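In each ligand, atom 1 is the first atom listed, and ligand 1 is the first ligand listed. Along the sequence shown, residues carry numbers from 1. Note that the structure is a prediction, hence the values are computed from the model and not measured.
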Amino acid sequence: MRNPIFVALDVPSKEAALDLVRDLAPVVAGFKIGSELFTSAGPEITRAIRATGASVFLDLKFHDIPNTVAKAVAAATRLDVQMLTIHTSGGLEMMRAAENSAQETSRQAGRPAPLVLGVTVLTSMDGGTLSELGWKPDVGKQVERLAELAVRAGLRGLVCSPLEIARLRQILPEAIELVTPGIRTGTEKADDQKRTLTPRQAIEAGANWLVIGRPIYAAPNPRAAAEAIEKSLTT
Ligand code: C5P
């Protein structure tokens with residue numbers, strides 16, 4: 001089995017991120033860059049990570065008119081990221097524009113297309129939040145609806161919470177790749193993640209990739225923590 005671990009670099013500076021990357025690149029698949037790090041450190045951080053050979057997941061959750069999202073996806077593709085996120089609630093046309101842009105730009109660059117991942121309902125939202133937006137308050141149904149729309153738009157992957165993996169596996173084509181945060185080993189301090197699975201449970205439920213932040217970067221020895229997680233998947 002290939003290593004499925006992407007480490008969330010939820011740190012504020014380029015220096016802190018690169019220290020983690022140097023330590024962890026040999027033992028994980030790649031690194032997730034979110035809005036905080038990208039806004040402070042800029043595209044240079046993605047180039048620095050790619051230079052180590054590790055993959056980059058650019059998690060900026062694009063949500064705009066199709067033309068603007070297509071251009072942002074093209075820029076991310078030229079940075080040679082391997083995964084990026086868009087909001088499925090931007091609609092069918094926006095998602096199609098994003099996927100087409102990833103395919104076209106990577107073809108021009110002579111590289112495989114990055115995986116454009118659809119984000120459905122943020123895990124910070126509940127039925128009440130959906131009602132406020134004028135949506136039906138059933139989070140599970142809304143996740144399924146947006147996931148099916150993403151597949152119709154041609155996306156090849158989705159971000160989903162641990163507790164959504166099994167249901168999405170039932171309704172989506174097998175080839176759709178599922179990327180899952182909210183992973184906890186059971187040994188770390190309690191934090192704001194409420195609904196979690198262990199790495200092994202998430203893979204067994206059908207996740208392809210695991211996004212893991214604090215259980216690795218806040219561990220006393222991040223490299224040992226990453227190695228132990230990978231080992232836990234097979235033994
Ligand atoms: O530290 P932790 O393992 O909780 O980090 C999880 C990462 O995944 C963070 O970067 C967080 O923003 C992201 N994420 C999440 N839950 C979602 C979507 C993204 O925890 N539903």
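- Polar contact check, Y217 against ligand 1: no nitrogen or oxygen pair lies under 3.5 Å apart.
- The aromatic rings of W209 and F6 sit perpendicular, their planes meeting at an angle over 60°, well past the 30° parallel limit.
- From S232, atom OG reaches atom CD of E227 across 12.5 Å, with rounding to the nearest 0.5 Å.
- Polar contact check, G213 against ligand 1: a nitrogen or oxygen pair lies under 3.5 Å apart.
- Between the side chains of R145 and Q142, not a single donor N or O lies within less than 3.5 Å of an accepting N or O.
- Scanning the protein for heavy atoms near atom 16 (N) of ligand 1, the closest one is P181 CG, 3.5 Å.
- Checked by distance only, ligand 1 and K61 stay at 3.5 Å or farther apart across all their nitrogen or oxygen atoms.
- Judged by distance alone, the side chains of T185 and E188 do bring a donor and an acceptor atom under 3.5 Å apart.
- Nearest protein heavy-atom contact of atom 6 (C) of ligand 1 is Q193 NE2, 3.9 Å.
- Counting the atoms of ligand 1 from 1 in the order shown, those under 4.0 Å from a heavy atom of R214 are 1 (O), 2 (P), 3 (O), 4 (O).
- For ligand 1, the atoms sitting less than 4.0 Å from at least one non-hydrogen atom of D10 are 9 (C), 10 (O), numbered in the order shown with element in parentheses.
- With K61 as reference, L122 is the one residue of I86, L84, L117, L122 to meet the side chain to side chain contact (heavy atoms under 4.5 Å, CB included) rule.
- Checked for salt-bridge contact, R47 and D80 miss the test: no charged N lies under 4.0 Å from a carboxylate O.
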*asked:* Determine whether L9 and L20 satisfy the following criterion, side-chain contact (heavy atoms from CB on, under 4.5 Å), listing intermediate values before the conclusion.
replied: CA-CA 8 Å; L9 292 175; L20 279 169; 3.9 Å; yes
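- Atom CG of residue L210 and atom CD1 of residue I5 lie 6.5 Å apart, to the nearest 0.5 angstrom.
- Those atoms of ligand 1 that come under 4.0 Å of a heavy atom in P215, given as number and element, are 3 (O).
- Looking from atom 2 (P) of ligand 1 to the surrounding protein, the closest heavy atom is R184 NH2, 3.4 Å.
- From the protein, the heavy atom lying nearest to atom 13 (C) of ligand 1 is K32 NZ, 3.9 Å.
- Side-chain heavy atoms closer than 4.5 Å link hydrophobic residues (I, L, V, M, F, W, Y) into clusters, and following such links, even through other members, never connects L155 to I165.
- T123 OG1, 2.8 Å is the protein heavy atom nearest to atom 21 (N) of ligand 1.
- Ligand 1 has at least one atom lying under 4.0 Å from a heavy atom of V211.
- Using 4.0 Å as the threshold, S161 has no heavy atom nearer than that to any atom of ligand 1.
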